[in-house]
**Student:** 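To start, I am sharing the structure in question, which I have written as structure tokens.
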Amino acid sequence: MSEDTTEPLNLFPRWRQAVQDFLGEFKYGDVVTHDWLENRFGMPQQKETARMTPAQFRERQFDWLANIEAFKSELLEDHQVLLHSVRGEGYRWVPPHEQTALATKEFERDARRAFRSAGGRLRNVRLAELTDDQRRANTDAAAKISQLRGVARKALR
């Protein structure tokens, strides 16, 4: 009689295993901490970054972004789990009954930011250095952005 001493297989990349671990350990409303995520991703913890060179820190940040975005994307697209950032702590599992309002609120914030940015870029052009046709194109573009902003604002009310 042989005893099975094999270890369970872990999914790779590590964020895939983190998805499975998350689904087994957390429930609606829970916050998954940065420490938990860093551990599952096999990354140095944030508190260890003071001892890193700038290049090591930059590499860690790229690794973090790649892992967390893939983790959140798989949870959302394959398991309909939305995670919302909790500043300084981690990510909260948004219950389904809160998801629509949160998604709409974030879209409105992002749309306002995009319209403000585009408007600023179109208003702050050295018009004296443009031809008449180029000034007209700039004015038309600014008017279109303004109209789109108004339409979006009305549609979201």
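Since this is a predicted model, take the numbers as computed values, not measurements. Computation of the quantities below employed the complete heavy-atom set of this structure, encompassing side-chain atoms and omitting hydrogens, waters and symmetry-equivalent molecules.
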**Student:** Between Val125 and Phe115, is there shared hydrophobic-cluster membership here, with clusters defined by ILVMFWY side-chain heavy atoms closer than 4.5 Å?
**Tutor:** no
**Student:** Could you tell me which non-hydrogen atom of Glu77 sits nearest to which non-hydrogen atom of Gln80, and how far apart they are?
**Tutor:** O-NE2, 3.4 Å
**Student:** Please determine if Glu38 and Arg60 form a salt bridge, counting it only when a charged side-chain N lies under 4.0 Å from a carboxylate O.
**Tutor:** yes
**Student:** Identify the two heavy atoms, one from Phe41 and one from Ile68, that lie closest to each other, and give their separation to 0.1 Å.
**Tutor:** CE1-N, 4.0 Å
**Student:** With sequence neighbours excluded, tell me which residues meet ring pair (Phe, Tyr, Trp, His ring centres under 6.0 Å) with Phe26.
**Tutor:** Phe22, Trp36
**Student:** Got Gln17 and Arg14 here, is their nearest side-chain heavy-atom distance under 4.5 Å?
**Tutor:** no
**Student:** Is there a chain of hydrophobic side chains (I, L, V, M, F, W, Y, each step under 4.5 Å between heavy atoms) that links Leu75 to Val31?
**Tutor:** no
**Student:** Could you list the donor-acceptor pairs under 3.5 angstrom formed by side chains in residues 134-148, with sequence neighbours left out?
**Tutor:**
{"from": "Gln134", "atom 1": "OE1", "to": "Thr131", "atom 2": "N", "distance (Å)": "2.8"}
{"from": "Gln134", "atom 1": "OE1", "to": "Thr131", "atom 2": "OG1", "distance (Å)": "3.4"}
{"from": "Arg135", "atom 1": "NH1", "to": "Leu127", "atom 2": "O", "distance (Å)": "3.0"}
{"from": "Arg135", "atom 1": "NH1", "to": "Leu130", "atom 2": "O", "distance (Å)": "2.5"}
{"from": "Arg135", "atom 1": "NH2", "to": "Asp132", "atom 2": "OD1", "distance (Å)": "2.3"}
{"from": "Arg136", "atom 1": "NH2", "to": "Asp133", "atom 2": "OD1", "distance (Å)": "2.7"}
{"from": "Asn138", "atom 1": "ND2", "to": "Leu122", "atom 2": "O", "distance (Å)": "3.1"}
{"from": "Thr139", "atom 1": "OG1", "to": "Arg135", "atom 2": "O", "distance (Å)": "3.0"}

**Student:** Tell me whether Tyr91 shares a hydrophobic cluster with Tyr28, the cluster being built from Ile, Leu, Val, Met, Phe, Trp, Tyr side chains joined at under 4.5 Å.
**Tutor:** yes
**Student:** Among the clusters formed by ILVMFWY side chains lying less than 4.5 Å apart, do Met43 and Val19 turn up in the same one?
**Tutor:** yes
**Student:** Do Glu98 and Leu102 come within less than 4.5 Å of each other through their side chains, counting heavy atoms only?
**Tutor:** no
**Student:** Using modelled atom types only, decide if a donor and an acceptor are shared between the side chain of Gln56 and the backbone of Thr53 within a distance under 3.5 Å.
**Tutor:** yes
**Student:** Any side-chain heavy atom of Leu23 within less than 4.5 Å of one from Val81?
**Tutor:** yes
**Student:** CZ of Arg116 to CZ of Arg149: how many Å apart, nearest 0.5 Å?
**Tutor:** 7.0 Å
**Student:** Indicate whether the side chain of Glu106 and that of His84 have a donor and an acceptor atom separated by less than 3.5 Å.
**Tutor:** yes
**Student:** To the nearest 0.5 Å, tell me how far Lys105 NZ sits from Thr100 OG1.
**Tutor:** 14.5 Å
**Student:** Are Leu37 and Trp64 side-chain neighbours, meaning at least one heavy-atom pair lies under 4.5 Å?
**Tutor:** yes
